[in-house]
Amino acid sequence: MTRRGFLGVTAAAAGAAATGWIGGAHLLGPGLPGLLLPSRLPLPRPYQVPLPIPPVLDPVRHEAGTDFYEITQRVAELDIIPGVRTPAWTYGGSFPGPTIVARSGRRAVVRHRNELPEPTVVHLHGGHTPADSDGYPMDLLLPTGDAGGASHAGHGAGGLARGSREYTYPHEQRAATLWYHDHRHGVTGYAVWQGLAGFHLVHDEEEDALGLPADDHDIPLMIVDRSFGADGSFLYPRADARPHSHGVAAPYMNGVLGDVILVNGAPWPVMPVEATRYRFRLLNASNARRYRLELDPQPPGGGGLVQIGSDGGLLPGPIAHDALDVSPAERFDVVVDFSRYRPGTRIRLVNRLGSGSTADVMCFDVTGPAGESRPLPERLAQGPALDPGRAVATRTFHFQLRPDHGWSINGRPYEPGQVLARPRLGTTEVWRLISDFHHPVHIHLDPFQVLSRDNRAPGRFDAGWKDTIDLHPSQAAEIAVRFTDHPGTYMIHCHNLEHEDMAMMADFITE
Ligand code: C2O
Ligand code: CU
């Protein structure tokens with residue numbers, strides 16, 4: 001691989017930026033928003049390290065109907081690239097952070113303590129969460145011992161906290177793969193890149209009854225791209241090298257792309273598997289990179305990735321895919337049946353939108369004997385679809401680059417307190433989302449259903465309850481959304497974290 005110096009790339013990118021940020025993206029091909037930031041150390045070889053499984057967090061205590069957890073956010077030195085150490089911002093010392101395993105209808109209270117050098121904000125992505133615990137971008141958790149105050153902080157229902165604070169999750173929602181990550185105004189891209197992300201799973205009885213692969217056959221896979229400095233640190237082009245600065249350097253306005261693919265924090269790992277069914281909860285936690293994931297080789301007959309769930313939980317029935325397009329923040333819950341391969345086969349999970357080092361993700365070695373596994377049920381989750389015929393309002397949101405403002409929604413860059421919509425709780429609305437470019441659009445509080453793309457049927461990856469939709473360039477999609485309860489201020493934004501930090505975000509208020 002060729003690796004150019006950071007300065008050389010920055011200068012080249014600055015040239016591209018001068019002709020427009022979108023122009024910069026085209027240098028990398030149509031599937032890739034963003035600009036590659038090359039690592040300054042030799043990249044390790046793929047398939048050398050075992051797949052790590054993030055630790056499951058034990059509650060510190062229980063009370064009737066509630067589990068209490070504690071997480072300390074702190075810098076930890078991680079072993080990611082052989083021979084160097086990576087100082088990361090972590091939840092509890094690991095990247096990914098510890099997995100919270102919850103039950104539908106059972107409350108969790110998570111006390112976060114901030115021992116990092118900067119303020120943070122915790123958001124449970126996909127959580128049906130009261131506004132004061134949703135992680136409004138101004139509701140800062142200041143570090144322990146921080147004497148100064150951020151002047152604009154604490155605008156949301158959650159307010160400003162110092163040292164530690166509690167987030168309450170009622171879990172009045174279906175079984176689903178959620179994740180938690182930092183959400184600070186203007187700094188989310190940097191903070192997540194430094195390591196602030198973890199899984200948060202919700203189980204329920206409907207899921208229990210299906211006999212899906214469970215325990216050590218139910219594996220969360222957090223896929224990210226990262227770049228490393230010569231000393232092993234995570235490289236990130238902050239707009240200003242000083243701490244507390246907001247945003248990303250101008251050439252990277254389209255998104256920061258790394259050249260190392262990490263799965264659960266390890267570069268291109270290997271997982272030994274038995275010749276049986278596994279459930280994989282795929283999460284693209286990358287800042288900007290989109291993936292087209294495919295098994296190589298495909299099993300005989302194809303359709304190796306059998307989707308059983310999406311962002312908001314289980315689908316009505318399984319859908320077999322040859323490949324999955326996954327934009328930032330999307331989750332695809334899939335079952336892979338390794339008994340379709342001969343023992344001894346190495347199966348790579350590849351990224352057809354990548355090239356060079358980013359075309360590989362991880363691999364599975366079919367080692368063990370055929371294990372017991374029940375066939376997948378034909379019907380998974382029940383529950384009616386939203387009826388767009390009953391929508392009480394239609395709203396339009398334009399996701400665009402504005403020469404004067406940068407990334408914006410309906411022409412406005414994000415400003416805390418500026419409200420773009422006031423949906424009524426308990427009613428269904430149709431939202432029309434229009435994009436100029438790749439924008440993975442995410443809505444807080446409740447999942448939605450995709451009705452159409454460009455006046456045609458939804459796409460192959462739009463099934464089920466979604467909270468993030470992979471909008472393609474020059475596209476108009478319609479979704480049906482219904483906010484059930486919890487009045488307050490929530491967010492709609494692009495989940496390309498550089499777009500989000502550079503203001504492609506808006507408040508809406510449920511009432
Ligand atoms: Cu995953 Cu508003 O965030
Ligand atoms: Cu975007």
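Each ligand, and each atom within it, is numbered from 1 in the order the structure gives. Positions are given from 1 along the sequence.
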Query raised in the report: atom 1 (Cu) of ligand 1 to H495: any N/O/S contact under 2.8 Å?
Result: yes

Requested in this report: For residues F448 and W431, establish whether the separation of their ring centroids is below 6.0 Å.
Outcome: no

Query raised in the report: Name of the H439 N, O or S atom nearest the Cu ion (ligand 2)?
Result: ND1

**Report entry** Salt-bridge contact E478-R453 (side-chain N to carboxylate O under 4.0 Å)
**Finding:** no

Query raised in the report: Is there an N/O/S atom in H495 that lies less than 2.8 Å from the Cu ion (ligand 2)?
Result: no

Query - Ring centroid separation Y136 to H185 under 6.0 Å - result: no

**Report entry** Atom nearest to atom 2 (Cu) of ligand 1 - H183, N, O or S atoms considered
**Finding:** NE2

Query raised in the report: To the nearest 10°, how many degrees is the angle C494 SG to the Cu ion (ligand 2) to H499 ND1?
Result: 130°

Report task. Decide if the gap between the ring center of W89 and the ring center of Y236 is smaller than 6.0 angstrom. Result -> no

**Report entry** Trace of the ring pair (Phe, Tyr, Trp, His ring centres under 6.0 Å) decision for H439 with H493
**Finding:** CA-CA 9 Å; H439 296 299; H493 62 88; over 10 Å; no

Query raised in the report: For the ring pair H200 and W179, is the centre-to-centre distance below 6.0 Å?
Result: no

Query raised in the report: Side chain of D311, backbone of D467: donor and acceptor closer than 3.5 Å?
Result: yes

Query raised in the report: From H438, does some N, O or S atom reach closer than 2.8 Å to the Cu ion (ligand 2)?
Result: no

Query raised in the report: Is H123 close enough to atom 2 (Cu) of ligand 1 to have an N, O or S atom under 2.8 Å?
Result: no

Query - Vertex atom 1 (Cu) of ligand 1, rays to NE2 in H181 and ND1 in H125 - rounded to 10° - result: 120°

Query raised in the report: Would you say H442 reaches atom 2 (Cu) of ligand 1 with an N/O/S atom under 2.8 Å?
Result: no

